[in-house]
**Student:** 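Quick one: the structure is below, and I'll ask about it shortly.
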Amino acid sequence: MSGGVLALLAIAVALIIAISVMSAAGERERAGTLRVWVGERGWGYDRERPELADRFAGAPFRRAPSNARAVHVLSAEYRGHRVLAYEYVYTTCGRDGRSAPSTHRFPVVVVPTPPTPVLQVCAEAGPVLRGVDRVRVGECGFDETFEVRCADEVFARALLDERVRAWLLETPGERAGFRFTGEHLLAWGEGRLEAEAAVAMADRLIDLLEHVPAGVWEGARP
């Protein structure tokens, strides 16, 4: 191997090491900032929770096993609900196997619910939830704006009653979508987890739960 090639390899290795060091330093700084934030508000913080990495299915989550991680985990009893927020992160490589890895980050917020069928509501052309059929609730404006997928059409129609539909149509933040997973209600976004943005997402999920007719939970089956 020529000296020029060796020099290029040495430079590449040095760059990789430098990027790794800077990334680790940035993550430590983020962890410190979040610890200050939770300390001021009485929330809990974990740098990483491995059991959450493969806990949920559907977008934005990868099929297990994967290199996904659940990091910068925030938790609290908030507005009468147990709220969990974390950054779901994984890396992918280029198809040619030689491109630099890409890092994908998604903030996720989760609130427990009574047992329910799987139900996903997203803006039209949202992520496909495999194995769950599309449901049309029969209101033209709503069906044109949102794509509803549910394993139980009766449950979907009961939960998405006139009051809930009106609230969703009037609340721009809900266009990002949400999913009832069977035991939780969750929402997700794109990019790094930001504490205040996570609280705003939690507020929207709890607001949604407060709009759901009480009788829905009694008749729901997972």
Side-chain angles (χ1 to χ4, degrees), residues 16 19-38 41 43-78 81-95 97 99-122 126-132 149 151 176-206 209 222:
I16 292 172
I19 292 171
S20 298
V21 169
M22 287 189 292
S23 176
E27 288 299 288
R28 286 194 298 272
E29 183 177 353
R30 285 189 69 203
T33 300
L34 289 170
R35 286 193 177 97
V36 171
W37 186 91
V38 299
R41 291 162 178 79
W43 286 50
Y45 175 77
D46 293 289
R47 180 72 177 271
E48 184 170 358
R49 291 271 297 273
E51 77 278 10
L52 293 174
D54 298 318
R55 175 66 180 82
F56 299 104
F61 308 104
R62 307 264 291 174
R63 288 188 174 185
S66 71
N67 62 11
R69 300 166 62 210
V71 298
H72 302 305
V73 184
L74 310 177
S75 58
E77 189 72 26
Y78 179 66
H81 297 265
R82 189 66 183 169
V83 173
L84 196 65
Y86 60 94
E87 185 176 296
Y88 180 80
V89 56
Y90 62 87
T91 57
T92 56
C93 296
R95 293 184 178 181
S99 302
S102 298
T103 300
H104 309 268
R105 301 178 185 274
F106 304 88
V108 177
V109 177
V110 184
V111 180
T113 68
T116 69
V118 173
L119 167 64
Q120 177 176 281
V121 178
C122 290
V128 174
L129 191 61
R130 295 185 180 182
V132 181
R149 291 186 175 271
F178 57 85
R179 182 184 305 128
F180 286 87
T181 69
E183 296 180 335
H184 299 86
L185 170 61
L186 66 81
W188 65 96
E190 293 186 1
R192 294 179 181 272
L193 175 80
E194 301 293 343
E196 295 297 341
V199 173
M201 289 174 68
D203 278 324
R204 291 197 298 272
L205 293 182
I206 294 170
L209 291 176

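None of these values were measured; they are calculated from a predicted model.
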**Student:** Is there a donor-acceptor contact under 3.5 Å from the side chain of R149 to the main chain of V132?
**Tutor:** yes
**Student:** Answer yes or no: is there a side-chain heavy-atom contact under 4.5 Å between V108 and V110?
**Tutor:** yes
**Student:** With sequence neighbours left out, write down each residue that passes salt bridge (Lys or Arg N to Asp or Glu O under 4.0 Å) with E190, or none if nothing qualifies.
**Tutor:** none
**Student:** I would like to know whether Y88 and R69 meet side-chain contact (heavy atoms from CB on, under 4.5 Å); could you show each step before the answer?
**Tutor:** CA-CA 6 Å; Y88 180 80; R69 300 166 62 210; over 6 Å; no
**Student:** When you look at H104 and T92, which way does the side chain to side chain donor-acceptor pair (under 3.5 Å) test go after all the steps?
**Tutor:** CA-CA 8 Å; H104 309 268; T92 56; 2.7 Å; yes
**Student:** Side chain to side chain contact (heavy atoms under 4.5 Å, CB included) with R62: which of P60, P65, S66?
**Tutor:** S66
**Student:** Hey, are the side chains of V73 and L84 touching, using non-hydrogen atoms and a 4.5 Å cut-off?
**Tutor:** yes
**Student:** Does the side-chain contact (heavy atoms from CB on, under 4.5 Å) test come out yes or no for T181 and V118, once each step is laid out?
**Tutor:** CA-CA 5 Å; T181 69; V118 173; 5.8 Å; no
**Student:** Give me the one residue out of M201, E87, R105 that meets side chain to side chain contact (heavy atoms under 4.5 Å, CB included) with L193.
**Tutor:** E87
**Student:** Grab the two heavy atoms, one from A195 and one from L34, that are nearest each other, plus how far apart they are.
**Tutor:** CB-CD2, 4.0 Å
**Student:** Taking all atoms of both residues into account, what is the closest heavy-atom pair of A187 and G177, and its distance?
**Tutor:** CB-O, 3.8 Å
**Student:** Would you please name every residue forming a ring-ring contact (aromatic ring centres under 6.0 Å, His included) with H81, sequence neighbours left out?
**Tutor:** none
**Student:** What heavy-atom pair brings E51 and R55 nearest, and what distance separates the two atoms?
**Tutor:** O-CB, 3.8 Å
**Student:** Donor-acceptor pair, distance only, cut-off 3.5 Å: does the side chain of N67 make one with the backbone of T91?
**Tutor:** yes
**Student:** Should the pair R35 and Y45 be classed as cation-pi, given the thresholds of under 6.0 Å to the six-membered ring centre and 45° from the axis?
**Tutor:** no
**Student:** Other residues, nucleotides and ligands only: do more than 12 of their heavy atoms fall within 6.0 Å of CD on E77?
**Tutor:** yes
**Student:** With E194, which residues qualify under salt bridge (Lys or Arg N to Asp or Glu O under 4.0 Å), at least two apart?
**Tutor:** none
**Student:** Taking S75's backbone N and O only, do any of them form a donor-acceptor pair with R82's side chain (distance below 3.5 Å, no angle check)?
**Tutor:** no
**Student:** Do the non-hydrogen side-chain atoms of R179 and W188 ever get within less than 4.5 Å of each other?
**Tutor:** yes
**Student:** Could you tell me whether the side chain of R192 reaches within less than 4.5 Å of the side chain of R30, counting heavy atoms only?
**Tutor:** yes
**Student:** Do D54 and F61 have side-chain heavy atoms sitting under 4.5 Å apart?
**Tutor:** no
**Student:** Could you walk me through whether Y78 and W43 pass the ring-ring contact (aromatic ring centres under 6.0 Å, His included) check?
**Tutor:** CA-CA 9 Å; Y78 179 66; W43 286 50; 5.8 Å; yes
**Student:** Of the non-hydrogen atoms in A53 and A70, which two are nearest, and what is the gap between them?
**Tutor:** N-CB, 4.1 Å
**Student:** Taking all non-hydrogen atoms of both residues into account, name the closest pair between G191 and P107 and its distance.
**Tutor:** O-CD, 3.2 Å
**Student:** Any side-chain heavy-atom pair from V109 and F178 closer than 4.5 angstrom?
**Tutor:** no
**Student:** Kindly indicate whether the side chain of E48, heavy atoms from C-beta on, has any atom under 4.5 Å from the side chain of Y86.
**Tutor:** no
**Student:** Could you tell me if the side chain of L186 sits less than 4.5 Å from the side chain of V111, heavy atoms only?
**Tutor:** no
